[in-house]
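Notes follow the structure.
Everything numeric here is computed off the predicted structure, so don't read it as measured data.
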Amino acid sequence: MENKYDVIVVGAGHAGCEAAAAAANLGSSVLLVTMNMMTIGQMSCNPAMGGIGKGQIVREIDALGGYSGIVSDKSAIQFKMLNRSKGPAMWSPRAQNDRMRFAEEWRLILEAIPNVDFYQDTVTELIIEQDAVKGVVTGTNQRLYSKAVVLTNGTFLNGLIHIGEQNLPGGRAAERNATGITEQLKSFGLLSGRMKTGTPPRLDGRSIDYSVMEIQPGDEEAGRFSFTNTPIPAKQLPCWMTYTNERVHDILRTGFDKSPMFTGRIQGIGPRYCPSIEDKIDRFADKERHQLFIEPEGWNTCEVYINGFSTSLPHNIQYEAIRGVAGLENVKLFRPGYAIEYDYFPPQQLSLTLESRALTNLFLAGQINGTTGYEEAACQGMMAGINAHRKIAELEPFVLRRSEAYIGVLLDDLVTKGTEEPYRMFTSRAEYRILLRQDNADERLTPIGHALGLIHAERLDETMNKYARVDAANRFLINESAIPDEINDLLVESGTSPINQKVKYHGIVSRPQVNLTAMVERIPSLKKSFFEDKGMSIDEVALTEIRIKYDGYIRKEHEIAEKLKRLEHIELHADFDYARLSALSTEARQKLSTIKPSNIGQASRISGVSPSDISVLMVYLGR
């Protein structure tokens with residue numbers, strides 16, 4: 001086999017797949033090293049993509065030229081747009097996926113990229129010369145050389161699986177862990193820590209009584225993640241909801257003395273927003289029940305995922321407790337739930353490109369940086385792959401600002417603030433979430449993806465034409481007027497006041513009760529203008545409405561973002577000596593020296609760096 005590559009990607013989970021695809025599509029020769037070729041793109045935990053804040057990330061990956069949205073759409077069994085009852089800044093797409101088809105789609109995509117090679121082995125060591133990474137050494141003692149390495153080890157670094165009083169080394173169920181890398185990186189001065197995550201038992205769907213559960217169907221009209229013409233499922237599989245009860249809680253409590261979480265055998269910190277079932281009944285002892293979602297794993301399998309029942313309790317306790325849940329009285333288990341501890345490297349040790357500050361040409365992406373979730377991992381992988389290629393090609397680093405993408409928020413949070421618990425994206429983390437909606441990710445990022453070389457010209461043209469149609473529709477609504485006779489019935493039905501003279505359509509659409517899509521479908525002149533003359537889609541009509549209704553908020557956020565962008569342009573070099581600025585607080589000197597922010601904007605977001613510290617820096621820089 002070839003042993004010299006531009007980029008070696010270690011690990012083929014969500015981060016590794018996006019990293020390999022991005023670097024290869026930009027022109028780098030890539031070797032993807034994985035412990036098991038059969039688990040490329042594996043959904044290790046729940047069979048779903050997207051969700052609150054996460055769905056926005058999947059759409060951003062797609063808009064930049066990544067594949068997570070395409071793979072999700074091709075393997076979707078159900079689609080929902082969450083938070084529809086709130087404003088569009090909160091709308092978040094989510095899909096249930098066929099676990100086996102998801103992994104298959106990822107492998108087919110990667111195998112179709114000529115610049116990607118594959119190798120099945122374990123990486124045990126990095127080849128490092130003069131603080132620069134030159135390649136990897138595998139478990140079979142193969143020395144593979146490259147100009148850059150991207151580590152996407154997930155939960156495999158010194159992974160330890162816990163089930164009750166049992167623990168065994170492993171990176172995932174029935175898969176061994178990876179050793180050697182943590183110890184080597186620590187010897188070069190990198191700090192590491194331990195985190196913990198968990199997964200629920202898997203159930204035999206043939207033994208479930210769905211008749212006593214609440215059905216959870218997908219949207220009546222399914223949507224998609226990708227802005228390309230990916231398939232929309234003609235039919236969807238429902239999920240189901242049931243609940244724990246006091247009897248279930250009592251059964252679970254009998255295992256607390258054997259729980260590795262409560263006995264102290266687990267030292268790693270678990271995800272705050274996805275606690276285990278034992279943690280929930282301990283922390284929320286006043287709650288009589290907790291929701292459980294029964295989720296199918298695919299079109300043609302009876303395996304079922306029980307969302308909300310992550311646990312590391314002994315096998316017999318898990319089994320007995322699950323059988324106390326309504327609808328699961330006769331259930332059979334395919335495998336028990338477990339917790340897993342693994343090594344991670346606090347991300348303040350990275351630059352915004354995800355390159356290590358201590359070792360040149362080493363990039364880290366995914367759970368190794370302290371995040372949780374497929375979506376967070378995938379976007380890091382894509383950014384690391386892009387920047388690994390650009391570093392080799394001696395191009396400027398690629399960094400997204402907080403006002404440009406949720407991806408920018410995530411990376412800035414990690415590198416600037418760090419994390420002591422598994423980091424999960426939420427819409428609340430983005431201060432510019434009205435600008436960073438899921439519906440306009442292509443407008444924000446597809447031109448950038450084209451400039452990078454990940455989006456072809458035809459797709460860019462399609463995006464530009466789409467927004468030209470939206471702009472034309474907006475101008476039409478500003479200039480043309482509604483006639484009372486043709487619109488008053490609709491206004492009354494919508495619960496808003498009728499008009500007694502001609503009124504510009506733009507003003508009517510601004511009313512919160514009015515739905516532009518309903519107007520276009522009911523008023524012949526609008527229907528002709530939007531659908532026949534302009535050739536708009538329903539999604540483009542909805543986008544036009546969002547722009548009109550939230551115009552004031554959008555303009556305000558743009559103004560704030562532009563003001564703060566000025567701080568992002570005031571650079572701070574990596575060798576800046578903060579120790580010599582005695583006017584800085586001691587905490588600011590310490591944290592600025594450790595994190596080495598790339599600009600004043602990033603420095604201002606570091607916990608412990610006060611506005612007065614920023615003023616000191618600005619004065620010193622003559623600004």
### Summary
In terms of heavy-atom contacts, A63 and A441 come closest through CB-O, 3.4 Å
### Query
Per the salt bridge (charged side-chain N to carboxylate O under 4.0 Å, His left out) rule, which among K466, R59, R459 passes with D442?
K466
### Message
Looking at every non-hydrogen atom in both residues, tell me the closest pair between L151 and I368 and how far apart they are.
### Response
O-CG2, 3.8 Å
### Task
Kindly give the heavy-atom pair with the smallest separation between K196 and G268, and that separation in Å.
CB-O, 3.7 Å
### Query
Of all heavy-atom pairs between E404 and L436, which one has the smallest distance, and what is that distance?
C-CD2, 3.4 Å
### Query
Are I113 and Y67 side-chain neighbours, meaning at least one heavy-atom pair lies under 4.5 Å?
yes
### Query
Do D73 and S226 pass the side-chain hydrogen bond (donor to acceptor under 3.5 Å, both in side chains) test, and can you show the C-alpha distance, the side-chain angles, and the key distance before you say yes or no?
CA-CA 7 Å; D73 290 345; S226 181; 4.6 Å; no
### Heavy-atom closest pair, residues R265 and K258
NH2-O, 3.2 Å
### Message
When you measure from the centre of the six-membered ring of Y423, is the NZ or CZ of R429 closer than 6.0 Å and no more than 45° off the axis?
### Response
yes
### Query
Is the NZ or CZ atom of R424 both under 6.0 Å from the centre of the six-membered ring of Y273 and within 45° of that ring's axis?
no
### Query
Is the gap between the ring centers of H14 and F102 under 6.0 Å?
yes
### Query
So Y319 and I251, side chain to side chain contact (heavy atoms under 4.5 Å, CB included) or not? Walk me through it.
CA-CA 10 Å; Y319 187 53; I251 294 169; over 6 Å; no
#### Entry: Six-ring centre of W91, R84 cation under 6.0 angstrom, axis tolerance 45°
yes
### Message
Taking the six-membered ring for Trp, are F293 and Y305 closer than 6.0 Å centroid to centroid?
### Response
no
### Summary
Closest non-hydrogen atoms of R522 and L490, given as atom of the first, atom of the second and distance, are NH1-CD1, 3.8 Å
### Query
Taking the six-membered ring for Trp, are W240 and Y210 parallel (under 30°), tilted (30 to 60°) or perpendicular (over 60°)?
tilted
### Task
Could you check L313 against M261 for side chain to side chain contact (heavy atoms under 4.5 Å, CB included), going step by step and ending with a plain yes or no?
CA-CA 9 Å; L313 288 169; M261 217 178 66; over 6 Å; no
### Task
Using a 4.5 Å cut-off on heavy atoms from C-beta on, say whether the side chain of N307 contacts that of Q291.
no
### Query
Which of parallel (below 30°), tilted (30 to 60°) and perpendicular (above 60°) describes F262 and F256?
tilted
